[in-house]
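Report on one structure; see the data block that follows.
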Amino acid sequence: MQRFDVAKSVLEDLLAVEPRHRQGLTQYGLVLGRLGKVNDAKVHMLNVAELYKDDTEAHGILGRVYRTSGVSNERQILKLSRSASSRPS
């Protein structure tokens, strides 16, 4: 867990300087999930996925957060997959 605490701190510093850094935002959501802050990760990644609709990594991490939280709501999964598949390649 300590390495994720360090990663969280580094990512917070990065995002303070560059708040829309795409990879920083996605990695921050991943780190929140790994630290067990599942609700924070879910809210964060929903925002990132909305901000960067074409970012498959952001949508993948959001899906991982949902799996981690035990959410098996098929509507959420369908909504995410429709959102991802409706984007042009």
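All residue numbers refer to positions in the sequence shown, counting from 1. Predicted model only: the values in this text are computed from it and were never measured.
Remark: V48 engages L25, T26, H44, M45, Y52, A58 in a side-chain contact (heavy atoms from CB on, under 4.5 Å) (not counting sequence neighbours). For E50, the salt bridge (Lys or Arg N to Asp or Glu O under 4.0 Å) test picks out K53, with sequence neighbours left out. For Q23, there are no side-chain hydrogen bond (donor to acceptor under 3.5 Å, both in side chains) partners, not counting sequence neighbours.
The side-chain heavy atoms of R34 and R64, taken from C-beta on, include a pair separated by under 4.5 Å.
Closest heavy-atom contact between G33 and A41: N-CB, 3.6 Å.
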Please output the side-chain donor-acceptor pairs of residues 14-22 that fall under 3.5 Å, not counting sequence neighbours, one pair per line with the distance.
unit_1: H21; atom_1: ND1; unit_2: G24; atom_2: N; d: 2.9

Please output the side-chain donor-acceptor pairs of residues 1-13 that fall under 3.5 Å, not counting sequence neighbours, one pair per line with the distance.
unit_1: K8; atom_1: NZ; unit_2: E12; atom_2: OE2; d: 2.8
unit_1: E12; atom_1: OE2; unit_2: Y28; atom_2: OH; d: 2.9

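Applying the side-chain contact (heavy atoms from CB on, under 4.5 Å) test between L30 and each of I61, L62, V65 identifies I61 as the sole match.
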